[in-house]
Amino acid sequence: MRTTRSRAVSGDSDDDDAPQTFMFQGKAYESYQEMVNAKRQRNQDVLASSGLLGAKAAIDDAVLEQKAAKAASRGLKRSKAPREPLPRRKSSRLQGVAASGIYVESELAAGKVVVAGGLYTPNDSEEESKFFNDRINDGSDLTVSEAVELCGSKWSKEGTVEAAEQFMKQSLSDITKTFSSTSSRKGSPDSVRSVPGKSITSKTLQSNLNALSLESDTCVAKVTPERIYSVACHPNPNHIIACAGDKRGHVGIWNVDQYGAEAKQEDESSSDGVHLFKPFNGAVSSMTWNQSGTSLLAASYDGSVRSFDVEKQAFKEVFATYSDDDVYKDKLGYNLHGGYRSWLQSLELDHRFGSECFFLSTSEGSVMHVDLRSKRKVTFDQTLSERKINSMSLHPNGYTMATAGLSTVVQLWDIRSMSDSKSKKPKPLAWQNVGKSINSAFFSPSGKRLLTTTMMDHLDILEDAHLASGLIKTPKTRIKHDNRTGRWLSTFMARWHPASFSGEEIFVSGSMKKPRTIEVFGGNGSLLREIRGIALTAVASRCCFHPSAEKLIVIGGNSSGRLTIAR
DNA sequence: CTGGTTATTAAGGCG
DNA sequence: CGCCTTCCATAACCAG
């Protein structure tokens, strides 16, 4: 066990034997701290004399004039007095008591890491820690009621479980069925990219964008308890089923316009159409519906991938990383766990095969391809980077893949050279040096453009990156964009609308602008719309479009678990 | 170059 | 209203 060092608060701890002075502007200071203070004073003076402070204050006032509204109270509500207090175990960790000052407490034998005050489980079984990597269970299916109960009493009240079951079993099933029967041919691989923008044309696109509104408090709801890491939207064009995954492994599903019997049912029990589940024990890094809307696929930092199958009414573990312990011999992810620093950072459907195949990227720089068709297997597992890979994207051509992450390089690969894990270390076809970490890189629906969100404070649009070879120079289209979200917000990842509108492609991004704003850009980099309104009171870090609605709908998720719907 | 620190950031919750 | 917590992001820095 390692405690935090409180060393060198003022930089003068250990080296008393070597008296030292610190020079600044020709003056000697006794301690480093004094020197720093002098430096700060100088900076203050310079600022004051420049008149910038006055100007800044004026700007601040102007911004504050529009007084920040309170966060909306729709959606989840914490129940102050738990109805049935869960039997607590002895461990203070499990009671959520912070071991102050201790961050990473220890690395346990099984490769688990305990973050103080962090990975507590409301599950009151004595056996919680036996599950590999502190997961929610041993990998068996999770029923709807179990997934709700795992959220703990804090977020439930009378009838929460029933409301969730009712919603999942009836409303969601109906929504899924009416959609998948009217939607195209069954059996053929459903390509997300083939969704046409039906009623919106390039002519009506701008007016559609202008119509997006955030002026009603009904367009915000708290959907998860914690900060949102991922958002997804069900593809039925006639409904808005907005989903969010949070830092602790919760998945919130919001039926934005409740209808029929359900609405009546829910008057009493539920929170404005919001239902909360906890299929994971770590951040939900990516979530996506398959195109037919029959399953919601999600990956978590806890190393597991689960799919909520609407028909089977269960969160099934379809893949998870496991150690090389013989116990896990028959698991799909046997021997794929890379230690306590390893987690699943992103999931991307392999659009060639519907939702039956997907790519995963890890914090350790590898990309896996998982194939769930008849013979379930991990097609390949390749280390493509020394550092975490934040995103990967498969070009519509079905073989060019873009990866991006902490390595500060966008790389393009031919996945045909990775057909199995034994193939030798692949080489990138092309790459772009960004210089700082890259939050995401996504191909546009046509594949013509590659959109990157970078810590260099740019949104870059590369043209025909899939045809490039070698070093890619500075892109033609570069949007200056403040991406400094800091530590407490999820990073921005600008995302395309999966359809194009008579050739026009658009994408959405969160923004640090005040008043808070969601931005929509055109494929040529032009800012088409800044969506603001009383409902948007916090930065929407992770955004997406409704994939198929007749009108444009934008969904944004923020750091307090709220979803905002612009429509 | 590696490892180990710390600054920075926004927003809700609570006193 | 003002302080406190957040704590699996990232960059920048420094010491060895």
Side-chain angles (χ1 to χ4, degrees), chain A residues 2 4-11 13-15 18 22 32-33 36 40 64 67-73 75-78 80 96-105 107 112-120 133-134 154 220 222 224-229 246-249 280-285 299-303 338-346 362-364 386-388 390 405-408 434-440 453-457 482-493 510-516 536-541 557-562:
Chain A
R2 192 166 48 104
T4 346
R5 320 291 200 77
S6 59
R7 192 191 81 82
V9 171
S10 54
S13 56
D14 306 353
D15 315 308
F22 298 84
Y32 178 72
Q33 192 58 49
V36 167
R40 286 188 181 142
L64 285 176
K67 192 64 190 146
K70 262 249 161 65
S73 58
L76 297 179
K77 282 170 200 72
R78 167 183 270 132
K80 284 276 187 229
V97 175
S100 66
I102 300 175
Y103 286 84
V104 175
E105 197 177 344
E107 185 185 345
K112 283 179 290 196
V113 67
V114 176
V115 178
L119 301 170
Y120 91 103
N133 213 26
D134 222 357
K154 198 168 166 185
V220 198
K222 190 171 174 77
T224 60
E226 305 259 351
R227 143 181 170 193
I228 290 176
Y229 272 61
D246 84 353
K247 196 183 66 177
R248 291 277 246 279
F280 302 104
N281 231 345
V284 185
S285 47
S300 166
Y301 279 12
D302 71 15
Y340 78 102
R341 267 186 251 263
S342 173
W343 65 84
L344 298 178
Q345 181 63 29
S346 71
T362 73
S363 56
E364 298 213 297
E386 298 300 305
R387 315 280 307 269
K388 183 173 80 172
N390 281 327
L406 275 175
S407 70
T408 77
V434 169
K436 283 187 189 170
S437 165
I438 304 141
N439 298 343
S440 64
T453 307
T454 76
M455 292 307 279
M456 285 297 271
D457 281 344
D482 183 357
N483 294 330
R484 294 178 339 263
T485 40
R487 185 178 188 178
W488 314 122
L489 304 186
S490 299
T491 54
F492 295 149
M493 299 174 98
S511 165
M512 298 302 287
K513 277 181 193 160
K514 285 182 178 179
R516 294 309 180 202
L536 193 65
T537 59
V539 174
S541 291
N558 73 21
S559 74
S560 66
R562 271 166 255 262

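Chain naming here is simple, since letters A, B, ... match the order of the sequence lines and numbering starts at 1 in each. In this text, all values refer to a predicted model and were calculated from it rather than measured experimentally. Values below: every heavy atom of this structure, side chains too, minus hydrogens, waters and symmetry copies.
When each of A:N558 and A:G486 is assigned the nucleotide of DNA chain B with its nearest heavy atom, A:G486 is the one assigned upstream, toward the 5' end. When each of A:L406 and A:E226 is assigned the nucleotide of DNA chain C with its nearest heavy atom, A:E226 is the one assigned upstream, toward the 5' end. Nearest-nucleotide positions on DNA chain C place A:W488 closer to the 5' end than the other of A:N439 and A:W488.
Summarising the geometry of A:S300 relative to A:G282, their closest heavy-atom pair is OG-O, 3.0 Å, with the distance given to 0.1 Å. The two atoms that bring A:S560 and A:K222 nearest to each other are O-NZ, 2.6 Å, heavy atoms only.
Distances shorter than 4.0 Å separate none of the side-chain N or O atoms of A:K514 from OP1 or OP2 on B:dA10. Between C:dA9 and A:T491, no contact under 4.0 Å exists linking OP1 or OP2 to a side-chain N or O. A:K222 has no side-chain polar atom (N or O) that falls below the 4.0 Å cut-off from OP1 or OP2 of B:dG12. Side-chain N/O atoms of A:R487 include none lying less than 4.0 angstrom from OP1 or OP2 on B:dT6.
Closest to the A:S437 side chain, of the nucleotides B:dA10, C:dA9, C:dT10, is C:dT10. Candidate nucleotides B:dG12, B:dA11, C:dC8 were compared by shortest atom distance to the side chain of A:W343, and C:dC8 ranks first. With C:dA11, C:dC8, B:dG12 as the choices, the nucleotide that has an atom nearest any side-chain atom of A:R562 turns out to be B:dG12.
Take A:Y301 and apply the ring-ring contact (aromatic ring centres under 6.0 Å, His included) test, not counting sequence neighbours, and it matches A:Y229, A:W343. Residues that satisfy the salt bridge (charged side-chain N to carboxylate O under 4.0 Å, His left out) test with A:K513, not counting sequence neighbours, are A:E519, A:E530.
For the P atoms, the distance linking C:dC13 with B:dT9 amounts to 15 Å, nearest Å.
Atoms CZ and CG, from A:F492 and A:N439 in turn, are 9.0 Å apart once rounded to the nearest 0.5 Å.
Nucleic acid contact for A:N390: sugar-phosphate only, since backbone atoms but no base atoms lie under 4.0 Å from a heavy atom of the residue. Within 4.0 Å of A:R387, counting heavy atoms only, lies no atom of the nucleic acid at all.
One atom, CZ of A:R248, and another, P of C:dT5, lie 16 Å apart when rounded to the nearest Å.
Residue ring and nucleobase are not stacked for A:Y301 and C:dC8 under a centre distance beneath 5.5 angstrom and an angle between planes beneath 30°.
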